[in-house]
Amino acid sequence: MKRRIAILGSTGSIGTQALEVVKQHPDKLDIEVLTAHSNAPLLIRQALEFMPNAVVIAKESMYQRVYEALDPYDIKVYRGSESIEQIVEMDSIDIVLVALVGWSGLKPTLRAIEAGKTIALANKETLVVAGELVTKLAREKGVNIYPVDSEHSAIFQCLAGEFHNPIEKVILTASGGPFRGKSHEELLKVTKAQALKHPNWNMGCKVTIDSASLMNKGLEVIEAKWLFNLAIPQIEVVVHPQSIIHSMVQFADGSIKAQLGMPDMRLPIQYALTYPTRLPSQFPKFSFDQCQQFTFEKPDKENFKCLNLAYEAIRLGGNMPCIMNAADEVAVHAFLREEITFLQIPELIEQCMGKSSFVSNPSLSDYEASDNESRAIATELIGRFSK
Ligand code: NDP
Ligand code: MG
């Protein structure tokens with residue numbers, strides 16, 4: 001039986017790499033649904049190649065173009081964000097790969113879990129915003145969430161055959177990003193172009209800027225907490241600039257297991273889509289000929305304040321990670337528009353966390369309200385910063 005997949009965010013970095021994986025295994029994987037925000041030309045090309053049952057284009061103004069291009073074929077075309085939430089309920093879908101970016105992943109993920117679909121989760125922000133709600137619902141519905149994020153896939157792979165052995169701690173590896181080792185004075189002057197040049201990974205803009213600020217690692221600490229049911233002191237971060245060890249697990253006896261591979265998202269994507277089977281892969285494989293040394297260092301929490309902000313947000317709990325996430329999304333976009341500087345990203349997030357209303361036991365509507373409030377506060381702060 002082929003696994004029938006819905007890719008939410010098929011035109012993005014993860015989405016396009018997922019399609020490369022599917023292309024390698026046409027006898028095992030089949031595309032049922034593709035969705036995009038506004039990239040109509042790519043969505044049309046993908047649809048013509050993979051012939052899904054349906055596509056969704058979120059941006060209404062792009063609908064006509066997609067509709068006209070796909071009209072001669074047996075492919076349904078829908079529009080709007082609501083349709084992304086609804087389409088995941090389709091009977092013919094087995095797995096939903098959530099490769100949307102930011103807050104936009106939350107509601108479609110919840111709907112897919114409600115509908116009993118297996119989740120392959122790339123969109124870490126979903127667990128950052130509402131990890132408790134999402135994992136509780138998944139437990140109630142008996143739904144598995146397979147991680148796509150490389151660190152969490154590494155932990156998941158290390159845990160194979162170990163599910164009854166308690167975890168002492170997990171060690172998330174971080175590349176350190178393009179600004180590793182830079183002083184405060186140097187960070188004052190870094191540019192958007194420099195921040196977008198990640199040394200090891202080629203990813204979407206949001207996660208690339210988050211990697212440069214170490215917020216990405218902060219988001220991943222929270223993601224790990226919910227995926228693997230860990231206490232925060234059990235989650236450590238170590239900088240490993242070569243990005244070959246993707247993360248590690250230490251068990252009660254002191255033994256540490258690690259997962260290694262090329263810095264190539266197609267491996268964790270394939271593992272999530274085909275779990276528990278390991279299918280052969282044509283993608284480049286790591287060999288020790290390529291790497292003379294593995295090095296490790298502590299993250300620089302003084303100069304990269306976002307990591308501590310994330311630890312603080314999850315320590316406070318409630319809606320604080322949601323507030324932090326919204327502030328980060330606004331800050332990253334403002335940085336990409338060159339309205340704020342790199343070091344103003346953590347400053348803005350910290351101020352936003354201090355000014356937004358705290359809710360200790362939030363519902364979905366509380367999360368929506370917090371997301372809106374935090375965005376409004378962050379937007380106002382940007383106006384003040386740029387004066
Ligand atoms: P991209 O920005 O490359 O792609 C995002 C995708 O989501 C695109 O298909 C985009 O459509 C769509 N999209 C964006 N906003 C909306 C919206 N509001 N409504 C509907 N669709 C939307 O992101 P990445 O692929 O880099 O990242 C996806 C997720 O995976 C993120 O949460 C990221 O943190 C995580 N991740 C990514 C990694 C990577 O290597 N890229 C590694 C680990 C995790 P369109 O193209 O039309 O704009
Ligand atoms: Mg990662």
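One-based numbering, in listed order, for ligands and for the atoms of each.
Within ligand 1, counting atoms from 1 as listed, the ones closer than 4.0 Å to a heavy atom of Gly9 are 6 (C), 7 (O), 9 (O). Atoms of ligand 1 found under 4.0 Å from any heavy atom of Ile84, numbered from 1 in the order shown, are 20 (C). Against a heavy-atom cut-off of under 4.0 Å, Gly12 is close to the following atoms of ligand 1: 1 (P), 3 (O), 4 (O), 8 (C), 9 (O), 25 (O).
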Sequence neighbours excluded and cut-off under 3.5 Å, please list the side-chain donor-acceptor pairs for residues 313-320, or say none.
unit_1, atom_1, unit_2, atom_2, d
Arg315, NE, Glu312, OE1, 3.1
Arg315, NH2, Glu312, OE1, 3.3
Arg315, NH2, Glu312, OE2, 3.0
Asn319, OD1, Val359, N, 2.9
Asn319, ND2, Ser357, O, 2.9
Asn319, ND2, Ser370, OG, 3.0

Could you give the side-chain donor-acceptor pairs of residues 213-220 under 3.5 Å, partners two or more places apart or in another chain?
unit_1, atom_1, unit_2, atom_2, d
Ser213, OG, Asp210, O, 3.2
Ser213, OG, Met215, N, 3.1
Asn216, OD1, Lys124, NZ, 2.5
Asn216, ND2, Glu220, OE2, 3.1
Lys217, NZ, Glu151, OE2, 2.7
Lys217, NZ, Thr173, O, 2.9
Lys217, NZ, Glu220, OE1, 2.6
Glu220, OE2, Lys124, NZ, 2.9

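When hydrogens are left out, the protein atom nearest atom 13 (N) of ligand 1 is His37 CB, 3.6 Å; that is the closest non-hydrogen contact. Here the heavy atom of the protein found nearest to atom 37 (C) of ligand 1 is Ile14 CG1, 3.5 Å. The protein atom (non-hydrogen) at minimum distance from atom 9 (O) of ligand 1 is Thr11 OG1, 2.7 Å. Of all protein heavy atoms, the one closest to atom 34 (O) of ligand 1 is Lys124 CE, 3.2 Å. Of all protein heavy atoms, the one closest to atom 15 (N) of ligand 1 is Val101 CG1, 3.9 Å. Annotation: atom 3 (O) of ligand 1 to nearest protein heavy atom, Ser13 N, 2.9 Å. From the protein, the heavy atom lying nearest to atom 43 (C) of ligand 1 is Asp149 OD1, 3.1 Å.
Taking any N or O of Asn123, backbone or side chain, at least one lies under 3.5 Å from an N or O belonging to ligand 1. Distances between N or O atoms of Cys205 and those of ligand 1 include no value under 3.5 Å. Geometrically, ligand 1 and Ala36 share no nitrogen or oxygen pair separated by less than 3.5 Å.
One finds a salt bridge joining Glu162 and Lys257 here, because a Lys/Arg side-chain nitrogen approaches an Asp/Glu carboxylate oxygen to under 4.0 Å. The existence of a salt bridge linking Asp328 and Lys206 is confirmed by a sub-4.0 Å separation between a basic side-chain nitrogen and an acidic carboxylate oxygen. For Lys192 and Glu338, the salt-bridge test fails: no basic side-chain N is under 4.0 Å from an acidic carboxylate O. In this structure, Glu49 does not pair ionically with Arg45, as no charged nitrogen and carboxylate oxygen lie closer than 4.0 Å. Electrostatic pairing of Lys355 and Glu373 does not count as a salt bridge here, judged by no charged N lying under 4.0 Å from a carboxylate O. We find that Lys305 and Glu350 are not joined by a salt bridge, their nearest charged nitrogen and carboxylate oxygen being 4.0 Å or further apart. The pair Arg3-Asp94 does not count as a salt bridge, with every side-chain nitrogen at least 4.0 angstrom from each carboxylate oxygen.
Relative orientation of the Phe179 and Phe342 rings is perpendicular, given thresholds of 30° and 60° on the angle between their planes. Using cut-offs of 30° and 60° for the angle between ring planes, the His152 and Phe228 rings count as parallel. Note on ring orientation: taking the six-membered ring where Trp is involved, the planes of Phe294 and His240 are perpendicular (angle over 60°, cut-offs 30° and 60°).
Contacts with ligand 1 closer than 4.0 Å are made by no heavy atom of Lys206, backbone or side chain. The part of Val207 lying near ligand 1 is the side chain, judged by heavy-atom distances below 4.0 Å. When non-hydrogen atoms are compared, ligand 1 lies under 4.0 Å from the side chain of Ser104 (C-beta onward) but not from its backbone. Contacts between Met265 and ligand 1 below 4.0 angstrom, taking non-hydrogen atoms only, involve the side chain exclusively. Neither the backbone nor the side chain of Leu219 comes within 4.0 Å of ligand 1, counting heavy atoms alone.
Shown here is Asp91, whose CG atom has no more than 12 heavy atoms of other residues, nucleotides or ligands within 6.0 Å.
Among Leu100, Leu8, Leu121, the residue whose heavy atom lies nearest to atom 31 (C) of ligand 1 is Leu100. When Met62, Met203, Glu125 are ranked by how near their heavy atoms come to atom 40 (O) of ligand 1, first place goes to Met203. With Ala99, Ala122, Gly204 as candidates, the residue nearest to atom 5 (C) of ligand 1 on a non-hydrogen basis is Ala99.
The cationic group of Lys301 lies under 6.0 Å from the six-membered ring centre of Tyr311 and within 45° of the ring axis, placing it in a cation-pi geometry.
Side-chain contact of His184 with Glu302: a donor-acceptor pair under 3.5 Å is absent, judged by distance alone.
The shell of residues lying under 4.0 angstrom from ligand 1, judged by heavy atoms, includes Ser38.
Qualifying salt bridge (charged side-chain N to carboxylate O under 4.0 Å, His left out) partners for Glu168, counting only residues two or more places apart in sequence or in other chains: none.
Within the sub-2.8 Å shell of the Mg ion (ligand 2), the protein contributes these N/O/S atoms: Asp149 OD1, Glu151 OE1, Glu220 OE2.
Under a hydrophobic-cluster definition in which Ile, Leu, Val, Met, Phe, Trp and Tyr are linked whenever side-chain heavy atoms come within less than 4.5 Å, directly or via other members, Ile155 and Leu260 are assigned to different clusters.
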